[in-house]
Amino acid sequence: MTRSLRLISVPLCLGLVVALSACAERRITTSVQDQAFVAAPMAKVEPPPRAAEAPAPTISAPPPVEERVPEPPAPPIAKAPPPPVEEARAPEPPKAEPMPAPEAKLEQPAAAAPSAALTDVFFDFDRFTLRNDGQTALDVDYQVIKGASGHKLVIEGHCDERGTVEYNLVLGERRAHAVGRYLENLGVPPSEIQIVSYGKERPFCTDHNYDCWQKNRRAHLVLQ
Amino acid sequence: MLYRTFFMVLGLGLLALAGCAGQGQVIDLNVRALPSDAEMASKAAEAPTVALVPFEDLRADKSRLGTRTHFWGGVTHFNVPAGKVGDVVAQVTADYLKQKGWKAAVAPAAKPADSAQQVMLTGKVQELSANAKSRFMNTEITVKSVIAVHATNPDGSTVRMTLNGAGSQSVFWFCPEDVQDLLNDVLKDSLHKLLTDTKVEGARLRLK
């Protein structure tokens with residue numbers, strides 16, 4: 001009886017040893033694919049028109065990439081009354097094109113007073129090229145920035161909700177850079193410009209339609 | 001009497017070896033990937049400042065990391081604490097880079113990117129799974145990770161790559177730490193690969 005028990009125990013123990021030896025088996029493999037390096041992007045910013053020259057919108061107008069160019073925004077959003085600076089800007093030499101985005105100021109009531117006079121710059125879908133209306137707005141903004149010496153200009157790049165977080169962060173940054181370069185060409189010292197990208201994280205408008213997306217594709221300028 | 005004792009011990013042993021049936025509970029894994037001592041010795045001479053945005057979770061099933069199927073039926077699930085895999089992987093990456101001497105931190109997605117100074121690292125977790133299948137006297141653990149990373153340098157240049165990691169292990173006695181360790185090692189190897197395939201030039205990330 002004891003002999004037969006031994007006969008069973010020995011293979012059992014051997015089996016256990018074999019099974020335990022399997023514990024050491026461990027494999028880890030690592031590989032990399034889709035490696036790519038993309039050099040620094042160059043935003044296609046048209047040189048700013050000189051003050052004496054009249055802009056030629058018909059020549060340099062970028063083709064509308066998609067849907068629509070923003071209409072003059074609806075006034076009823078009026079969350080806050082137009083700041084008094086707005087009136088001060090009114091008597092300026094008239095520009096041919098209407099300012100596209102007064103609602104930016106309405107939705108940022110906490111901004112400092114000089115910032116309230118700055119007009120946002122809007123972009124086409126998936127683009128960071130300045131449009132004509134954007135250049136016109138920046139020309140006006142430059143006058144405000146010039147008159148507010150001692151302030152730092154923060155350019156925030158914003159995008160609409162389409163696309164991934166990281167894609168929009170980069171796109172927002174490029175939009176902000178495009179605006180920054182344009183203002184640098186106009187004469188704003190680079191040291192006074194700070195670039196910030198919020199991507200799609202801080203939308204100005206939270207609806208899910210084309211109008212709203214157009215409002216969110218912007219570079220927002222803040223004087224600090 | 002001797003026979004009865006022998007078979008009782010044998011039966012209990014077999015039961016222990018095969019494991020109990022799963023009850024469907026969720027086990028949180030402590031995911032972390034710190035470089036080994038040998039890797040720590042080779043810290044980067046130039047240490048860029050890196051801001052990580054929580055990674056995007058693109059997995060088909062975001063409810064868990066994986067499942068252990070038991071020999072006697074039933075399952076146990078694995079997950080990360082709070083279930084936010086994108087946040088966890090970004091934090092793991094930041095911790096790894098910090099251990100390698102980089103200045104890395106996870107920033108909320110809405111935080112401004114001070115692009116003049118730092119590299120912005122974003123990523124997509126395309127796959128991150130940890131599964132185990134228990135058989136008689138053996139549990140096979142498999143781990144897989146596919147993470148696409150995208151670094152944007154201060155000058156606007158970008159580096160991107162997809163890190164694939166896979167691991168498998170066969171254990172005699174299963175415990176959740178086995179899954180955790182294997183997962184951490186796979187992530188660690190993937191992050192090590194990220195650093196070995198890139199170089200730092202003037203606070204910018206480049207491919208080697």
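Being a predicted model, the structure only gives us computed values, none of them experimental. For the numbers below, each heavy atom of this structure counts, side chains included, while hydrogens, waters and symmetry mates do not. Naming: A, B, ... by sequence-line order, numbering from 1 per chain.
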B:C175: what forms a disulfide bond (SG atoms under 2.5 Å apart) with it, not counting sequence neighbours? none
Is it the backbone or the side chain of B:S168 that comes under 4.5 Å from a heavy atom of chain A, or both, or neither? both
Are the side chains of B:D181 and A:R26 in contact, using a 4.5 Å heavy-atom criterion? yes
State the OH-NZ distance between A:Y167 and B:K124, to the nearest 0.5 angstrom. 10.5 Å
Would you indicate whether the side-chain heavy atoms of B:Q169 and A:I28 approach each other to under 4.5 Å? no
Heavy-atom distance under 4.5 Å to chain A: side chain of B:L205, backbone, both or neither? backbone
So do the side chains of B:V53 and A:L169 get within less than 4.5 Å of each other, counting heavy atoms only? yes
Spacing of A:T30 atom OG1 and B:L194 atom CG [to the nearest 0.5 Å]: 12.0 Å
Scored by heavy-atom pairs under 4.5 Å with chain A, the best of B:L58, B:L163, B:D197, B:T198 is B:D197
For B:K62, does the NZ atom sit with more than 12 other heavy atoms under 6.0 Å from it, leaving out its own atoms? yes
Residue set satisfying side-chain contact (heavy atoms from CB on, under 4.5 Å) with B:R204, at least two apart, ordered chain then number -> B:N153, B:P154, B:D155, B:R206
Of all the heavy-atom pairs spanning A:E173 and B:T152, show the shortest one and how long it is. OE1-CG2, 3.9 Å
